[in-house]
Amino acid sequence: MSFQVYKPCNQTQNKEEYICTNKQCLAEHKKQLHCYPCLTKLHRDKKQKISHLDDFMEMSQIMIKVQQKKDQRTLFLNQIQQKAIDFQKEKVQYIQKYPFHAIEYLEEVVLKVENEISKFLNYLGCQQQMMNKVQFYNQENHNVIFDLFHSNENQYVSNVQQKLYDLFTNVNKFLQQKDLNVYETLLNQKKKFQVLEEKVQALEKPFSLFKLIKYFSAILLVIIFSNLFWQQTNQNTNILFKDEQKLIESIKLTVQEQMSLLQLDTKNQIDEMKQKWFEELIKEIEYLKLFNQKLKIDIMELQKSLKDQNQAQILINRNQKIQIEILEQQFQNQTNLITSLEMKFENYTNQENQNQFQEQKGYNNRENKDQLIVIEGQDQKVDIKLEKALKEMKQFVIEKIEINRNYYNAQLELLGRIHTDFPIILLTGFQLQYFNDFTVQFTMNKIKDIKEQVSHQAIICLGGIDMKKQDRFVLMACDYAFEVFQETVNVKKARKSRSGDQLYWYLVKNYSIGFSPNEIIDLRQTDNQDVHDKKRFSHLLDHPNGGGRRIGDQLTLAYSPDHSFAIYAIE
Ligand SMILES: [Zn+2]
Ligand SMILES: [Zn+2]
């Protein structure tokens with residue numbers, strides 16, 4: 001800031017470097033700067049009371065404050081200017097590379113956009129210029145200085161930002177009006193091509209056919225007319241006739257020339273259309289390629305985020321596979337065992353028979369027959385036993401496979417989701433782990449029990465049941481045991497399930513266990529967040545009076561004998 005010279009006061013010889021910053025005084029007085037005694041005198045009323053005393057300030061102090069604001073504003077205005085310039089660059093590039101319009105058209109659009117933005121840049125420039133004028137205090141920049149001094153900078157910043165935002169909106173709207181919105185243009189492309197195609201077809205077929213007919217009839221008319229003329233005049237000289245023939249010939253030639261010209265013209269038009277059509281198609285293909293690239297990136301990001309989940313899934317599937325393989329191996333072993341048993345038994349009975357046969361000589365026939373019958377009976381019994389064992393073994397394996405299938409289906413259809421009005425019969429292969437009405441206390445110990453009963457990869461479905469309709473869950477959610485029974489501490493936030501995007505669990509000691517479709521919860525014992533939300537379930541934990549109390553939008557079900565808490569599991 002330049003050096004400011006303060007005049008000495010005529011009366012006191014003190015420097016005139018004080019001013020009253022009260023807004024009313026600033027607006028009224030002509031002479032603003034005074035020495036301190038004079039300024040006090042001016043503010044003294046008849047009762048000797050001095051007003052505005054707190055507003056008296058040394059001019060140099062004011063200028064320091066003003067300079068601070070100036071610096072801040074300059075910085076801010078520079079940032080806004082940069083944003084506008086960046087925006088301009090981005091938009092101009094976008095327009096110039098836009099493939100669906102003629103270059104002249106695009107240039108016109110660019111010009112208008114640049115105009116609009118430079119208007120805003122001018123406005124910023126004016127703001128800056130006005131501030132730059134303020135180097136020291138004088139009558140001329142009195143207003144600028146005190147506007148700055150009294151200004152609310154937050155207000156100023158938000159005003160300018162609003163202007164920038166309006167500019168962005170206006171330009172984008174303008175581009176949309178000028179058909180420079182990619183998505184809409186792409187939509188319109190198909191229609192345009194259809195119209196083009198129709199035009200080409202029209203040129204190729206009915207248009208040229210119509211013209212041909214027209215010219216043929218012209219020739220025909222000329223011939224008829226000339227014949228008529230000839231008939232009428234054939235009594236006259238031959239010369240006339242010859243002239244007539246020449247005329248007809250020349251007309252014929254002209255028509256033929258015109259015909260071929262027309263055909264050429266039509267052909268050119270068709271070629272031109274085809275060329276144009278082809279070019280537009282190429283442009284669209286290029287644009288679609290760009291979009292595909294963007295899609296690829298989206299897909300890659302999606303894959304990245306799914307990777308963890310997939311890996312978990314793969315692990316589980318691998319475990320299942322191994323389990324099935326073990327079962328199959330067991331089954332095979334059992335079968336082998338049974339086969340070898342059968343063989344041993346066969347050998348044994350053969351031996352027996354042989355022994356019998358050798359000893360037969362010593363016994364009479366009757367005895368032999370009796371003994372044979374007994375042995376045959378024993379043989380049959382053993383056969384039945386073996387058969388039964390084999391059947392049981394098969395049944396066991398089939399059941400195990402069935403359970404695995406059910407588990408797999410549960411993974412596909414139930415996992416990571418919240419279900420309403422869900423029939424329990426659809427929980428194929430699930431086993432009941434807990435079922436009690438809300439009069440019964442649900443405890444951490446019970447959770448510990450269930451966790452010991454099932455593996456942490458078991459799928460758990462839990463929720464609330466209305467006892468009037470015991471065959472279905474009013475509200476239920478399914479997830480792996482390790483997700484469901486993971487302890488949390490935050491009473492305002494639930495933990496996101498890795499199995500689904502709209503499932504969040506919480507298990508807070510001395511509060512409750514439950515789920516919600518988003519992160520925000522409000523545990524006052526149980527969840528009170530969004531009383532209308534039908535997808536929130538919350539059940540008291542270790543509460544001395546019992547369980548409950550929220551199933552969806554019913555929040556007053558504490559200790560209710562008419563509602564139940566159920567937990568199912570499948571391994
Ligand atoms: Zn005053
Ligand atoms: Zn004075």
Side-chain angles (χ1 to χ4, degrees), residues 1-85 116-170:
M1 195 175 307
S2 309
F3 181 69
Q4 174 110 36
V5 184
Y6 299 103
K7 281 185 284 181
C9 173
N10 293 335
Q11 289 157 27
T12 66
Q13 301 308 311
N14 288 331
K15 274 189 197 169
E16 290 186 323
E17 55 181 348
Y18 283 90
I19 192 162
C20 172
T21 60
N22 178 281
K23 282 183 185 172
Q24 220 177 346
C25 286
L26 286 172
E28 279 171 7
H29 295 291
K30 266 197 168 176
K31 186 173 188 285
Q32 304 284 357
L33 287 176
H34 297 279
C35 72
Y36 198 83
C38 288
L39 194 62
T40 334
K41 214 166 118 192
L42 278 168
H43 280 79
R44 193 167 282 154
D45 60 12
K46 284 163 196 165
K47 292 173 190 167
Q48 296 295 307
K49 203 186 148 209
I50 302 164
S51 54
H52 300 166
L53 198 56
D54 290 342
D55 295 331
F56 296 177
M57 275 185 86
E58 234 176 288
M59 198 60 219
S60 58
Q61 293 304 311
I62 288 168
M63 287 310 275
I64 286 172
K65 207 176 161 195
V66 165
Q67 185 62 37
Q68 277 172 358
K69 283 190 170 181
K70 247 179 78 177
D71 292 345
Q72 268 176 19
R73 272 197 192 185
T74 306
L75 207 68
F76 168 70
L77 286 174
N78 281 342
Q79 283 169 356
I80 292 291
Q81 189 190 36
Q82 195 53 50
K83 276 182 191 166
I85 290 169
E116 199 65 26
I117 295 172
S118 62
K119 263 189 228 162
F120 178 73
L121 290 174
N122 281 345
Y123 159 79
L124 293 181
C126 285
Q127 294 282 307
Q128 187 66 51
Q129 267 177 8
M130 214 164 65
M131 283 196 308
N132 288 346
K133 273 187 200 162
V134 180
Q135 294 297 328
F136 48 85
Y137 177 82
N138 59 31
Q139 208 62 38
E140 196 189 328
N141 55 31
H142 171 87
N143 284 338
V144 182
I145 287 180
F146 284 98
D147 280 352
L148 259 174
F149 179 74
H150 282 298
S151 80
N152 176 345
E153 285 307 284
N154 289 339
Q155 188 67 48
Y156 179 80
V157 163
S158 89
N159 278 347
V160 176
Q161 276 170 340
Q162 182 62 42
K163 281 204 167 73
L164 180 71
Y165 177 76
D166 288 346
L167 173 77
F168 288 178
T169 319
N170 288 339

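Start at 1 and go down the list; that is how both ligands and their atoms are numbered. In this text the structure is predicted, and so the values were computed from the model without any measurement.
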Practice prompt. Would you indicate whether the side-chain heavy atoms of Ile62 and Tyr137 approach each other to under 4.5 Å?
Written response: no
Worksheet entry | For the Zn ion (ligand 2): protein N/O/S atoms at distances below 2.8 Å | 3
Practice prompt. For the residue pair Phe146 and Phe149, categorise the inter-ring angle as parallel (less than 30°), tilted (30 to 60°) or perpendicular (more than 60°).
Written response: perpendicular
Worksheet item: If you draw a 6.0 Å radius around CD in Gln13, do more than 12 non-hydrogen atoms from other residues or ligands fall strictly inside?
Response: yes
Discussion item. Give me each pair satisfying salt bridge (Lys or Arg N to Asp or Glu O under 4.0 Å) with a member in residues 43-62, each pair once, sequence neighbours excluded.
Written reply: none
Worksheet item: Which atom, counting only N, O or S, brings His52 closest to the Zn ion (ligand 1)?
Response: ND1
Worksheet item: To the nearest 0.5 Å, what is the distance between CD1 (Ile85) and CG (Asn78)?
Response: 9.5 Å
Discussion item. Check for me whether the distance between the ring centres of His52 and Phe56 falls short of 6.0 Å.
Written reply: no
